[in-house]
Undergrad: 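Quick one: the structure is below, and I'll ask about it shortly.
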Amino acid sequence: MAHQWRGLIAEYPDRLPFGEGDPVVTLREGGTPLVHAPALDARTGATVYVKVEGANPTGSFKDRGMTTAISRVLQTGVKVVACASTGNTSASAAAYAVAAGLQSAVVLPAGKIAAGKLAQAIVHGATLVAVDGNFDDCLRIVRELTETHPVALVNSVNPYRLQGQKTAAFEIVDQLGDAPDIHVLPVGNAGNITAYWMGYSEYAGRTTLASLDETATRLPAASTKLPEMWGVQAWGAAPLVLGEPVDEPETVATAIRIGNPASWKYAEAARDDSHGWIDRVTDERILAAQAVLAAEVGVFVEPASAASVAGLIQAAEAGRVPQGATIVCTVTGNGLKDTATALGGREVDIDPIAPTVEAAVAAPALCCGSRAPRPRAA
Ligand code: AN7
């Protein structure tokens, strides 16, 4: 029978804190494409790959952390899981709760969740709580709530989340044959940069501040080096760049609209231990990078995901990208989650033509909006 990717816990059994016979909740997450992006090589002078996390079952990297967090919940007997979310965590928690036979409750900043993500939480049957506040308020509420009620917290402050998410680094090393020179990713609540650094470190035979499962590092090293970790925040939500919390974070990339990241210390450790940096990019750069990925690479990502690529392009323009380096950018979520932002003001109502080939050929442009399709080469 043809091999199908089995999900993280089955694919990396030696490196995750689960034993034989432990319950496993999986939607076969992970195993996502690592795609070479010549359009980014051309802009940077490096060899650039994008790790397409939007290809996960619910369309974001959160599924990696949810298979481990929700599998763990089944060992505890708790029947309800809860999270605060800018959208993707709630979508993933709701889906994995269904697969596990648990109930889910999601606490969201009112009016700031992309339509696709909200739809996911609804169709997967989550109980929705909309807060007149931002993500940081939601996380504070859900932390208190889960401390005082028999409800499991599945935000990335739950160490099982980071355990799952670290496997993306394993996949990259497994595919490239060694760690890249540089890894670039968007930073919001800062769980993912922490998790990648843990993954790269464990594969190189080291532990990090956030390491939970020390047994993993007793395995033979699978890589010979460690990448620099480059983190990218949105201009209006850049607490790690400013060195202090942002009270009213604002950005078009609603997924990373976070002013007081929970994994602050871990993210700084990843940055400093790896000799990397964390910088910020404007919303304009985020949208421009999203367009480059869509129109020149063929990968449609949501705005927050494009922050990594925007940060890389900005660094290249500043002469900060070592020529010839191997670089991986994580693009964290699927563009289909937020089509409204991607289309911007573009007109999508197309005047219909008569149902004949002649009318089709005579049509001024087969596509909508400001951008006409490129003519085919003769
Ligand atoms: C697409 O869903 O925080 O730095 O509540 O959805 O690990 O927080 C989402 C975060 C990047 C930032 N890209 O990752 C949530 C949430 C996308 C995201 C991030 C998020 P972290």
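On a predicted model such as this, the values are computed, not experimentally measured, just so you know. When a ligand or atom number is given, it counts from 1 through the structure's own listing order. We number each residue from 1, following the sequence as shown.
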Undergrad: Using a 6.0 Å cut-off, check whether atom CD of Q75 has over 12 heavy atoms from anything other than its own residue.
TA: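 Counting neighbours around CD of Q75, more than 12 heavy atoms of other residues, nucleotides or ligands fall under 6.0 Å, so yes.
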Undergrad: Decide if atom CD of Q314 counts as having more than 12 heavy atoms of other residues, nucleotides or ligands within a radius under 6.0 Å.
TA: yes
Undergrad: Could you identify which residues cluster with L153, counting Ile, Leu, Val, Met, Phe, Trp and Tyr as linked when any side-chain heavy atoms lie under 4.5 Å apart, either directly or through a chain of such contacts?
TA: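 Joined to L153, directly or through intermediates: V107, V129, V131, F135, L139, I141, V142, V157, I258.
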Undergrad: Using the rule that Ile, Leu, Val, Met, Phe, Trp and Tyr join whenever any side-chain heavy atoms are under 4.5 Å apart, tell me whether Y49 and I327 fall into a single cluster.
TA: no
Undergrad: List below, pair by pair, the N or O atoms of ligand 1 and of the protein that are less than 3.5 Å apart, including the distance to 0.1 Å; reply 'none' if no pair qualifies.
TA:
| residue | atom | partner | partner atom | Å |
| --- | --- | --- | --- | --- |
| ligand 1 | 2 (O) | S85 | OG | 3.0 |
| ligand 1 | 2 (O) | T86 | OG1 | 3.4 |
| ligand 1 | 2 (O) | N88 | N | 3.3 |
| ligand 1 | 2 (O) | T89 | N | 2.8 |
| ligand 1 | 2 (O) | T89 | OG1 | 2.9 |
| ligand 1 | 4 (O) | G188 | N | 2.8 |
| ligand 1 | 4 (O) | N189 | N | 3.3 |
| ligand 1 | 4 (O) | A190 | N | 2.7 |
| ligand 1 | 5 (O) | S85 | OG | 3.0 |
| ligand 1 | 5 (O) | T86 | N | 2.8 |
| ligand 1 | 5 (O) | T86 | OG1 | 3.4 |
| ligand 1 | 5 (O) | T89 | OG1 | 3.3 |
| ligand 1 | 6 (O) | N88 | ND2 | 2.7 |
| ligand 1 | 7 (O) | G191 | N | 3.2 |
| ligand 1 | 7 (O) | N192 | N | 2.8 |
| ligand 1 | 8 (O) | N189 | N | 2.7 |
| ligand 1 | 13 (N) | T332 | OG1 | 2.6 |

Undergrad: Would V98 end up clustered with V25 when hydrophobic side chains under 4.5 Å apart are linked, directly or stepwise?
TA: no
Undergrad: Exactly one of Q163, E53, E29 should register a side-chain hydrogen bond (donor to acceptor under 3.5 Å, both in side chains) with R64. Which one does?
TA: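 Exactly one pass, corresponding to E53.
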